[in-house]
Amino acid sequence: MFLITPDRLNSDESLESFMIRLCECNGFESFQLLSGAMWEWLIDNDHQAAGALPRKLSEINLYHAKQSSGFRVRAFELLDSLFEDDSRPLMQHAVLRSAVIFSPNLTSVFHSGIHIPRYLLRHNYTPVCPACLTESSYIRQYWHLKPYQCCHRHGVAMLFHCPSCNTVLNYQNTEKITSCGCGFDLRNAVTAVVASQEIAISQLVVEGERDNTRSISHWLGALLWFSRYKQSQLSLNMVKEPELGWAIEYFSQWPNAFVCDLDELAAHAEMKLVRGFNHTCFSEVLDELLSSSRKLPSSDTRQNFILKAVIDFLEQLVRDNPKTKEANIADLKLTVVEAAALLTTSTEQVYRLYEEGYLHSSVRFKLHSKLSPNDAVFFLRHVVELRMAGMASDYSANDVYLPSW
């Protein structure tokens with residue numbers, strides 16, 4: 001068995017789109033027929049790899065594997081050998097699982113050197129740009145990202161619904177790239193011109209900054225943080241995705257706009273109190289300020305500008321509220337995870353600092369009991385003072401303060 005490679009390989013094409021074009025140039029009417037032929041060939045060559053090959057187009061990508069992608073990778077590697085050249089198109093277009101976690105605790109995928117939060121991936125629908133399809137008939141991988149709501153090349157809104165039957169577009173179900181299931185040619189659709197801010201968001205997702213100060217992965221992390229932080233204030237588009245055009249204006253005023261928000265939170269802190277500040281959890285007053293910005297996707301404050309702004313604000317907050325007989329907002333209690341975010345280190349290092357006496361617990365634990373990552377036991381003031389004493393650095397995403405020996 002051998003497979004004919006489609007005429008043109010596009011580095012930004014999605015795997016599912018490539019599979020549809022692969023069916024067309026090899027004479028298969030549907031992906032189910034193609035996957036059936038692939039499965040039979042794999043059975044003869046590696047029955048374990050054959051069991052990892054799904055028959056549905058929407059489940060073909062590597063990151064969809066329920067337990068381990070290992071066998072599916074093996075299947076892809078074997079199938080790549082069926083092409084006449086060494087381009088390895090299946091592995092080249094595949095989206096992989098990633099070990100990187102975005103705050104607060106969101107998994108991610110990996111493609112073309114970029115870590116993408118799964119929270120930002122579209123499911124069950126994929127919009128298209130009619131102008132892009134006219135130029136070249138394939139689905140771009142970045143069309144699967146929720147922040148990408150307009151074409152950054154043509155400055156028009158993405159097409160989410162078929163103009164003829166008003167069905168939400170999902171090429172993975174119809175197995176058609178340039179037309180809807182009803183037969184309407186999507187290249188003939190007309191879409192509206194959009195504002196420059198929306199174009200800037202799409203451009204940021206695909207190309208990053210012009211000066212490459214921050215990676216695309218970190219900008220996706222920033223947009224993830226913004227979509228959750230301003231969730232209640234964002235308007236939704238026709239498929240109920242948050243419209244993120246406002247993020248450009250918000251980040252252009254960084255960190256002033258963010259500091260104003262935090263100042264307002266701090267000013268109304270006493271209204272949220274049930275007990276004294278020194279008996280109140282940090283998250284009860286300042287919400288998920290630290291835990292939501294800890295990994296976007298790293299703790300390196302040169303890239304994670306949101307975490308840097310949070311740390312700068314908290315350091316100033318402690319300076320403005322010195323220790324007194326009466327507890328104040330600088331005496332809020334942090335969890336292990338929040339202390340790790342403030343110290344830009346791992347939770348393991350926080351435990352080490354606690355065991356060695358650099359961090360003191362405000363609670364005395366019973367014999368044989370353990371400190372949980374979600375136990376609020378460290379005073380904000382003490383953690384900030386430890387950081388300001390030189391224990392933390394802006395040049396590492398995982399500071400090792402104390403070795404394990």
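Only this structure's heavy atoms are used, side chains among them; waters, hydrogens and symmetry mates stay out. For clarity, every value in this text was computed on a predicted model and none was experimentally measured. In this chain, numbering begins with 1 at the start of the sequence shown.
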Problem - Any donor-acceptor N or O pair under 3.5 Å, side chains Ser87, Asp85 - result: yes
Practice task
State whether the number of non-hydrogen atoms from other residues, nucleotides or ligands found under 6.0 Å of Asn256 atom CG is greater than 12.
Solution key: yes
Practice task
Inspect the surroundings of CD in Glu355 and state if more than 12 heavy atoms from other residues, nucleotides or ligands are less than 6.0 Å away.
Solution key: yes
Problem - Ser108 to Phe102 - nearest heavy-atom pair and separation - result: CB-CE1, 3.6 Å
Handout entry: Donor-acceptor under 3.5 Å (Thr174 side chain, Cys180 main chain)
Key = no
Handout entry: Validation row, ring centre Phe226 to ring centre Tyr250 under 6.0 Å
Key = yes
Handout entry: Stepwise salt bridge (Lys or Arg N to Asp or Glu O under 4.0 Å) test for Arg153 and Glu135
Key = CA-CA 11 Å; Arg153 296 183 65 249; Glu135 292 176 358; 2.8 Å; yes
Exercise for the section: State, yes or no, whether a side-chain contact exists between Leu96 and His111 at a heavy-atom distance under 4.5 Å. Expected result: no
Handout entry: Gap separating the CD atom of Gln197 from the CH2 atom of Trp246, nearest 0.5 angstrom
Key = 11.0 Å
Problem - Spacing of CG belonging to Leu353 relative to CG belonging to Leu343, to within rounding of 0.5 Å - result: 6.5 Å
Problem - salt bridge (Lys or Arg N to Asp or Glu O under 4.0 Å) evaluation trace for Glu284 with Lys272 - result: CA-CA 7 Å; Glu284 293 178 18; Lys272 297 183 178 181; over 6 Å; no
Handout entry: Close side-chain approach of Leu90 to Met19, heavy-atom, < 4.5 Å
Key = yes
Problem - Between CH2 on residue Trp143 and CG on residue Leu169, distance to nearest 0.5 Å - result: 10.5 Å
Handout entry: Within the 6.0 Å centroid threshold, strictly below: Phe251 and Phe305
Key = yes
Handout entry: Polar contact flag, side-chain donor to acceptor under 3.5 angstrom, His115-Ser98
Key = yes
Exercise for the section: For the pair Ile216 and Val205, evaluate side chain to side chain contact (heavy atoms under 4.5 Å, CB included) and give the outcome as yes or no after the intermediate values. Expected result: CA-CA 6 Å; Ile216 295 177; Val205 166; 5.6 Å; no
Fill in the blank from the handout: Of Ser14, Ser179, Ser17, the one forming a side-chain hydrogen bond (donor to acceptor under 3.5 Å, both in side chains) with Tyr171 is Ser14
Problem - Min side-chain heavy-atom separation Gln141-His93 under 4.5 Å - result: no
Practice task
Kindly indicate whether the side chain of Asp375, heavy atoms from C-beta on, has any atom under 4.5 Å from the side chain of Val336.
Solution key: no
Handout entry: Side-chain donor/acceptor of Asn237 to backbone N/O of Lys240, under 3.5 Å
Key = yes
Practice task
Check whether NZ of the Lys or CZ of the Arg Lys308 lies under 6.0 Å from the centre of the six-membered ring of Phe313 and within 45 degrees of that ring's axis.
Solution key: no
Practice task
For Ser299 and Thr344, test the side chains for any donor-to-acceptor distance below 3.5 angstrom and give the result as yes or no.
Solution key: no
Problem - Neighbour count >12 (heavy atoms, 6.0 Å) for atom NZ, Lys56 - result: no
Practice task
Report yes or no: does Gln32 contribute a side-chain atom to a donor-acceptor pair with the main-chain N or O of Arg55 at less than 3.5 Å?
Solution key: no
Practice task
Determine the minimum heavy-atom distance between Val95 and Leu62, stating which atoms define it.
Solution key: O-CB, 3.5 Å
Exercise for the section: Considering only NZ, NE, NH1 and NH2 on the basic side and carboxylate oxygens on the acidic side, decide whether Glu77 and Arg88 come within less than 4.0 Å. Expected result: yes
Practice task
Test salt bridge (Lys or Arg N to Asp or Glu O under 4.0 Å) on Asp261 and Lys230 and set out the steps.
Solution key: CA-CA 11 Å; Asp261 291 344; Lys230 294 291 185 180; 3.0 Å; yes
Exercise for the section: Find out whether Val350 and Phe378 are in side-chain contact, i.e. whether some heavy atom of one side chain is under 4.5 Å from a heavy atom of the other. Expected result: yes
Practice task
Assess whether atom CD of Glu29 is packed by more than 12 heavy atoms of other residues, nucleotides or ligands within 6.0 Å.
Solution key: no
Practice task
Consider only side-chain N and O atoms of His218 and Ser298, and report whether a donor and an acceptor are under 3.5 Å apart.
Solution key: yes
Exercise for the section: Could you tell me whether Arg122 sits above the aromatic face of Tyr148, with NZ or CZ closer than 6.0 angstrom to the six-membered ring centre and within 45 degrees of the axis? Expected result: no
Exercise for the section: Report yes or no: does Asn45 contribute a side-chain atom to a donor-acceptor pair with the main-chain N or O of Trp41 at less than 3.5 Å? Expected result: yes
Exercise for the section: Using modelled atom types only, decide if a donor and an acceptor are shared between the side chain of Asn278 and the backbone of Leu332 within a distance under 3.5 Å. Expected result: no
Handout entry: Expected output: side-chain Asn170 to main-chain Asn124 donor-acceptor under 3.5 Å
Key = yes
Practice task
Give a yes or no on whether a salt bridge exists between Glu356 and Arg352, defined as a side-chain N under 4.0 angstrom from a carboxylate O.
Solution key: yes
Exercise for the section: Taking only Lys NZ, Arg NE, NH1 and NH2, and the carboxylate oxygens of Asp or Glu, determine whether Lys176 and Asp185 approach each other closer than 4.0 Å. Expected result: no
Problem - Any side-chain donor near an acceptor of the partner, Asp320 and Gln316, under 3.5 Å - result: yes
Practice task
For the residue pair Phe18 and Phe83, categorise the inter-ring angle as parallel (less than 30°), tilted (30 to 60°) or perpendicular (more than 60°).
Solution key: tilted
Exercise for the section: Measure the NE2-OH distance between His161 and Tyr125 for me, rounded to the nearest 0.5 Å. Expected result: 9.5 Å
Handout entry: Residue pair Arg187 / Ser137, side-chain heavy-atom distance below 4.5 Å
Key = yes
Exercise for the section: Say whether, by atom type as modelled, one donor and one acceptor occur between the side chain of Glu175 and the main chain of Gln172 under 3.5 angstrom. Expected result: no
Practice task
For the pair Trp225 and Tyr229, name the ring-plane relationship: parallel under 30°, tilted 30 to 60°, perpendicular over 60°.
Solution key: parallel
Handout entry: Euclidean distance, Leu53 CG relative to Glu59 CD, rounded to 0.5 Å
Key = 11.0 Å
Exercise for the section: Compute both the distance and the angle, then confirm whether Arg140 meets the cation-pi test with Tyr138: under 6.0 Å from the six-membered ring centre, within 45 degrees of the axis. Expected result: yes
